[in-house]
Every structure is written in structure tokens, then in C-alpha cells.
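Notes follow the structure.
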Protein chains: 2
Amino acid sequence: MGNHGDLLRGALESLVLEAIDKGATYGYAIARSLEELSQGELVTKEGSLYPALHRLEKQGLLKARWQDSPQGRPRKHYQLTGLGRKHLAAQRDAWSRFSRVVNRILGVDHA
Amino acid sequence: MGNHGDLLRGALESLVLEAIDKGATYGYAIARSLEELSQGELVTKEGSLYPALHRLEKQGLLKARWQDSPQGRPRKHYQLTGLGRKHLAAQRDAWSRFSRVVNRILGVDHA
DNA sequence: TCCTATGCCTAGACAATCAATGTATATCTC
DNA sequence: GAGATATACATTGATTGTCTAGGCATAGGA
């Protein structure tokens with residue numbers, strides 16, 4: 001289990017979009033969600049996650065709104081825009097082709 | 001088909017080690033080999049490939065020797081060291097775990 | 001009171017990509 | 001012999017993204 005440093009770099013944005021689409025709509029929840037969905041395999045550092053969210057918002061893939069939380073500080077909730085949804089689909093596809101090819105070259109079982 | 005920019009970043013070193021292990025023992029051949037093995041999906045730019053080879057050599061994962069070519073300029077042939085072989089195995093494993101998790105989260109078929 | 005969990009954010013150090021360019025030889029075509 | 005193309009290695013400067021480390025802030029439990 002671990003810290004897949006550079007591997008995460010290319011997939012982080014897709015994973016974040018996906019997590020939001022799955023209902024983890026704010027930063028802290030996205031990090032928890034990815035950690036849980038991956039059984040601890042993916043650890044999202046704040047220094048990458050928050051800049052990524054800002055990037056995605058600036059690119060028009062996400063829209064944000066602040067909302068109070070029952071505990072702790074207010075949360076910044078994100079949702080996919082139409083463009084974001086399109087990008088997620090495209091990135092899913094790109095990842096699919098990429099991982100298939102790498103799996104084949106590295107001789108890794110895709111079980 | 002295309003240019004998997006950031007995705008390649010985390011897998012390039014593994015792919016290079018693998019290509020060398022498969023017999024593409026010098027830079028130009030490695031690039032051609034990966035392009036062919038991936039049916040054009042992976043395009044290795046020289047500005048990433050050569051620095052990567054130097055990195056791997058400096059880390060003791062590769063050993064290099066110059067050799068004349070029947071055509072064009074001399075070639076710098078690489079081969080895996082023992083350490084390089086160990087790293088390749090470890091990186092293959094890391095990639096396997098990572099891609100499995102991402103595939104699952106993105107809902108991508110691993111066919 | 002202090003620690004932990006929740007929650008957002010950023011600055012500076014660092015690392016790696018890419019486009020572009022340079023160098024060099026051999027071969028093929030016009 | 002002029003020019004294009006394939007082979008072959010290498011570097012530079014701009015850009016971009018990660019990570020460590022810290023800051024700010026509220027709430028609950030020990």
C-alpha cells in the first residue's frame with residue numbers, strides 16, 4: 001500500500017472528477033473517498049488536491065459554492081459542469097487506452 | 001491515439017526498463033519499440049527519454065556502453081543491472097496495484 | 001488545557017515534461 | 001552535388017505540477 005507519487009499525477013484530475021460525480025462534493029470528502037475507495041492505496045495530499053480543484057474550476061469543469069457544515073468549518077462544495085462531464089468521459093477513455101497499453105507492455109495481469 | 005502527456009510521467013521509467021529488457025537497448029530503438037508495441041499510442045519525446053536514461057544510469061539501474069552502428073551515428077547501448085531488475089519488478093507491481101485501483105474507481109473495463 | 005478531527009489554503013523547494021535546437025552520419029532522390 | 005529523410009544522442013528554457021510544511025479556523029473529547 002502506498003504512495004504512488006508520479007503515477008497519481010496523470011490520473012488525479014480524473015479521480016477527483018469521478019469522486020465528485022460519486023457524491024464526494026468537497027475537498028476533504030474527496031480525499032477520504034479516494035482513500036476509502038482504494039483501500040488506502042491512494043493518498044491524496046492537500047498540496048495537490050486543492051490546487052487541482054482550483055485548476056478544474058478555472059477551466060470550467062467544476063462549479064463551487066460554499067455551504068455551512070454541521071461540524072467544523074464551512075465546506076466548499078463542487079459539482080461537475082457540462083464541460084466537466086465531457087472531460088471526465090474523455091479522460092476515462094484516455095486512461096482506459098493508456099492503462100491497457102501499459103499493462104500489455106509490462107506484462108501485468110488486469111484481473 | 002495520442003499523446004498521454006502526464007499519464008506517461010509516472011510510467012515512463014518502467015516502460016523504458018521494460019523496453020531495454022525486451023531487447024531495445026539504445027535510445028532511438030527504445031522510442032521506436034514503445035511506439036510499435038503500443039501501436040502508436042505511446043510517443044516518447046527525446047526531451048524526456050534521454051534525461052530519463054541518464055537518471056536511470058545515475059541511479060545504478062542501467063549500465064551503458066558505446067558501440068558503432070552499421071548506419072548513422074554510434075549508439076549508446078544500455079543494459080539492466082541487478083538493481084535495475086529489482087526496480088523493474090517493484091515498479092511493475094506498483095503499477096499493477098495502481099492501475100487496478102484506478103480502473104475500479106473510474107469504472108473502466110480491464111479487458 | 002491539549003489533542004484530534006474536520007476543513008480550506010498557500011508558499012517555496014523540487015522534479016520532470018516539452019518544444020526547440022544543435023550536432024553528426026548515411027542513404028536516397030532529383 | 002544539392003536537398004530531404006532516417007538514424008542517433010544531447011541540452012536548454014519555459015512551464016507545470018507535486019510535496020513538505022506551515023497557517024487559519026471550529027468543535028469535541030480526554
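Keep in mind it's a predicted model, so treat the numbers as computed, not measured.
Residue Y28(A) has a polar side-chain atom (N or O) positioned under 4.0 Å from OP1 or OP2 of dT6(C). Considering only side-chain N and O atoms, Y26(A) lies under 4.0 angstrom from the phosphate OP1 or OP2 of dG7(C). Residue H54(B) places none of its side-chain N or O atoms closer than 4.0 Å to OP1 or OP2 of dC9(D). For K45(B), a side-chain nitrogen or oxygen approaches OP1 or OP2 of dA19(C) to under 4.0 Å.
The side chain of L12(A) approaches dT18(D) more closely than any other nucleotide in the set dT18(D), dT11(D), dG7(C). Between dT10(C), dT23(C), dA10(D), one nucleotide has an atom nearer to the side chain of W66(B) than all others, and that is dA10(D). The S48(A) side chain lies nearest to dT18(D) when the options are dC24(D), dT18(D), dT11(D).
At whole-Å resolution of the value, CG in L7(B) and P in dT17(C) are 13 Å apart. The distance between atom OH of Y50(A) and atom P of dC19(D), rounded to the nearest whole Å, is 15 Å. Between R73(B) atom CZ and dA24(C) atom C1' the separation is 5 Å, expressed in whole Å. Residue E57(A) contributes atom CD, which lies 13 Å from atom P of dC8(C) at whole-angstrom precision. Rounded to an integer number of Å, the gap from R9(B) CZ to dA16(C) C1' is 4 Å.
You'll find a donor-acceptor pair under 3.5 Å spanning the side chain of E46(A) and the base of dC9(C), going by distance alone.
Across all strands shown, G47(A) has heavy atoms under 4.0 Å from base atoms, whether or not it also approaches the sugar-phosphate. Backbone-only engagement by R75(A) is indicated by non-hydrogen atom pairs under 4.0 Å involving sugar-phosphate atoms exclusively.
Among I20(A), L17(A), V16(A), the single residue meeting the side-chain contact (heavy atoms from CB on, under 4.5 Å) criterion with L88(A) is L17(A).
Distance alone, capped at 3.5 Å, places no donor-acceptor pair between the K76(A) side chain and the Q67(A) backbone.
In this structure R55(A) satisfies the side-chain hydrogen bond (donor to acceptor under 3.5 Å, both in side chains) test together with E13(A), sequence neighbours excluded.
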Identify every side-chain donor-acceptor pair in residues 23-38 of chain B under 3.5 Å, counting partners at least two apart or on other chains, and give the distances.
| unit_1 | atom_1 | unit_2 | atom_2 | d |
| --- | --- | --- | --- | --- |
| T25(B) | OG1 | H77(B) | ND1 | 2.7 |
| Y26(B) | OH | R75(B) | NE | 3.3 |
| Y26(B) | OH | R75(B) | NH2 | 3.2 |
| R32(B) | NH1 | E35(B) | OE1 | 3.0 |
| S38(B) | OG | L34(B) | O | 2.8 |
| S38(B) | OG | E35(B) | O | 3.3 |
| S38(B) | OG | E41(B) | N | 3.2 |
| S38(B) | OG | L42(B) | N | 2.9 |

**Message:** Walk me through whether E57(B) and Y78(B) qualify under side chain to side chain contact (heavy atoms under 4.5 Å, CB included).
**Reply:** CA-CA 9 Å; E57(B) 194 186 356; Y78(B) 290 95; 3.9 Å; yes
